[in-house]
Asker: 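This is the structure I have questions about; it appears just below.
Quick caveat: nothing in here was measured; it's all calculated off a predicted structure. First listed ligand is number 1; within each ligand, the first listed atom is number 1.
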Amino acid sequence: MTSAAVELRGISKRFDAVVANDGVDLVLRRGTIHAVMGENGAGKSTLMSILFGLVRPDSGDIVVNGVERHFRGPLDAIAAGLGMVHQHFRLFDSMTVAENVVYGAEPTRRGSLDRKAAAARVRELSDRYGLETDPDAVVGRLSAGARQRVEILKALHRDAEILILDEPTAVLTPDEVDSLFAVLRRAADGGATVVLVTHKIHEVLAISDEVTVLRDARVTGRFRTAEATSGALVQAMTGREVREVGNPGTGEPGEVVLEVERLGVTDRGVHRVRDVSFSVRRGEIVGVAGVSGNGQHEVVAAILGTDPIESGTIRLLGRDLASLDVRRRRALGLAVVPEDRRGEGTAVTMSTAENLSLGHHRTPPIGASTGWRRGFLNLRAQRDMARRLIADYDVRTSGEKLPVGALSGGNAQKVVIARELSHDAPVLIAEQPTQGVDIGAIESIHQRLLDYRDQGGAVLLVSHEIAELQALADRVLVMFAGRIVAEYSRADASTERIGAAMAGAAEHRQAGEHEEAAS
Ligand SMILES: Nc1ncnc2c1ncn2[C@@H]1O[C@H](COP(=O)(O)OP(=O)(O)O)[C@@H](O)[C@H]1O
Ligand SMILES: [Mg+2]
């Protein structure tokens, strides 16, 4: 039994209305690799930032090597033996690898930086941990993987015995992931304690000794990796209780309005989406399940036209979208509830009324498209529409003038949904529509999606929540490693089946079955 290098006890942190950590306990044992797992927004980065002194917890204790600590900043954490590799690198692009590694803890000779000593130190650490680097290379010219190695070296140079890596594999190619894991294993074998933040199940199973799962700011599972199954991890990560709003289905869906054929997406040489085909009909909700990072988001981006595609075709209402930009695609009949509500979904500093009328600016009654009033807004019409939608969609707000940024997550999401559905677009793409939304708002959002379908709308619903897909979808497609690996009818969409397919267990399916699933 190894002893605890770190104990976090009852850590809580809220950002305004958002509870990011709620009474989180985490024990990291010396010489082990501990995975902290959870979906986007679960609270992983917040917890790590607290451990590294970047964020102050509202309550809870941090104990490092048996001593209770109150970090005033990262320098205190570094002094206590912690090192962090951030999701977004914090390096100086114009400086060399060696300069970056020793920055802040430089070897000096007669008062100035001793370059030779710095380079020698980098070589020594590189050799010891198997981190391939050139000490003299300029950081700005390095690949993401090489930059990450610089960050790791930087932590090691300061003698970090507890190494925190926040989603380190997101920027790596599969080969780089393998070498990173070899480095981490070597560090742990040498007595270091490693925390690896990830949402990828196969990584957890491949590298960690222990796992703590977070969901909605709380710990929902603790496992020794050797005893964990992928199904249990998926369940802990996604199993939020969603109350059924009831989805009786309306009988036969109508004609195909969205058609994706043999779609392929590549990002910086990495295949994100491979040979994906599916269609969505009027009066149908097609769910897309998958652990985040398995290509779902890229499929959505391809349909919207925000990211380029490599191969395949996408048709909306029979029209090939290839030559159309985002705005034209939307004008053709695409409503969108984006995953990133605060970034893409709303303009947080603008009023609720302005947000609700986004996209209505060129058409009456709010905007005049022709004549001398072109370009002016009818503010009274804007206000009236806002008031009607706020009432219809039960947006809890003190009024239409309040900036959307001041609303709770659930109410801001109702604003997005109200606006998107008010365009009468035939197709709706909704990505994680209830992520970070309170239970009451979830039910109301679900009911809206069902009503839209029942009125003939076609919905592509991407969700990490199995329960949400079961509550809403008429069919569920499961994505894993960029492909659709399974498809289930509503009746067959059991948690066990979807969970297994999400974890990649359906890969052994026969080719014939796969073809069928993908068509
Ligand atoms: N600085 C911040 N200000 C406001 N909200 C934040 C801040 N940092 C995180 N959050 C919110 O806290 C929740 C948890 O976020 P985070 O810890 O980044 O999760 P994860 O790393 O698991 O994706 C999210 O809802 C996020 O929007
Ligand atoms: Mg994070």
Asker: Please determine whether salt bridge (Lys or Arg N to Asp or Glu O under 4.0 Å) holds for the pair E210 and R29, giving the CA-CA distance in whole Å, both sets of side-chain angles, and the decisive distance to 0.1 Å.
Answerer: CA-CA 9 Å; E210 292 180 313; R29 292 187 303 118; 3.0 Å; yes

Asker: Return yes when E39 approaches ligand 1 closer than 4.0 angstrom through a heavy atom, no otherwise.
Answerer: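 Flag set, E39 near ligand 1.
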
Asker: According to salt bridge (charged side-chain N to carboxylate O under 4.0 Å, His left out), does anything in residues 347-360 pair up with another residue at least two apart or in another chain? List the pairs.
Answerer: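 The answer is none; no pair qualifies.
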
Asker: Would you say G38 contacts ligand 1, with heavy atoms under 4.0 Å as the rule?
Answerer: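 False for this residue.
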
Asker: Please examine the side chains of V211 and L233, heavy atoms only from C-beta on, and report whether any two atoms are closer than 4.5 Å.
Answerer: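 Yes; the side chains approach each other to less than 4.5 Å.
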
Asker: Could you tell me if the side chain of V55 sits less than 4.5 Å from the side chain of K13, heavy atoms only?
Answerer: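 In short, these two side chains touch, coming nearer than 4.5 Å.
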
Asker: Would you call D392 and K414 a salt bridge, using N to O less than 4.0 angstrom?
Answerer: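 Salt bridge flag = no for K414 with D392.
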
Asker: Go through ligand 1 atom by atom and flag the ones less than 4.0 Å from a non-hydrogen atom of S45.
Answerer: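 Listed by number with element: 17 (O), 18 (O), 20 (P), 21 (O).
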
Asker: Could you name the option among M37, R14, K44 that has the heavy atom nearest to atom 22 (O) of ligand 1?
Answerer: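 That would be K44.
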
Asker: I need the full list of salt bridge (charged side-chain N to carboxylate O under 4.0 Å, His left out) pairs touching residues 180-190, with sequence neighbours left out, sorted by first then second residue.
Answerer: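 Listed once each, the pairs are R185-D209.
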
Asker: Looking only at distances, please establish whether an N/O atom of ligand 1 is found under 3.5 Å from an N/O atom of G41.
Answerer: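 Between G41 and ligand 1, an N or O pair is found under 3.5 Å apart.
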
Asker: Between K44 and E167, is there a side-chain N and carboxylate O pair less than 4.0 Å apart?
Answerer: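 Looking at E167 together with K44, the answer is yes, because their closest N to O distance falls below 4.0 Å.
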
Asker: For ligand 1, which atoms, with element, lie under 4.0 Å from some heavy atom of V18?
Answerer: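 Selected atoms, number and element: 11 (C), 12 (O), 13 (C), 25 (O).
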
Asker: So, is M48 placed with an N/O/S atom under 2.8 Å from the Mg ion (ligand 2), counting both backbone and side chain?
Answerer: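 No.
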
Asker: I want to know if ligand 1 touches A42 in the polar sense, i.e. an N/O pair below 3.5 angstrom.
Answerer: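 So ligand 1 has an N or O lying under 3.5 Å from an N or O of A42.
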
Asker: Is the shortest N/O to N/O distance between F15 and ligand 1 below 3.5 Å?
Answerer: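 Between F15 and ligand 1 (N or O atoms, distance only) the closest approach is not under 3.5 Å.
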
Asker: For ligand 1, which part of T46 has a heavy atom less than 4.0 Å away: the side chain, the backbone, both, or neither?
Answerer: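 Both parts.
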
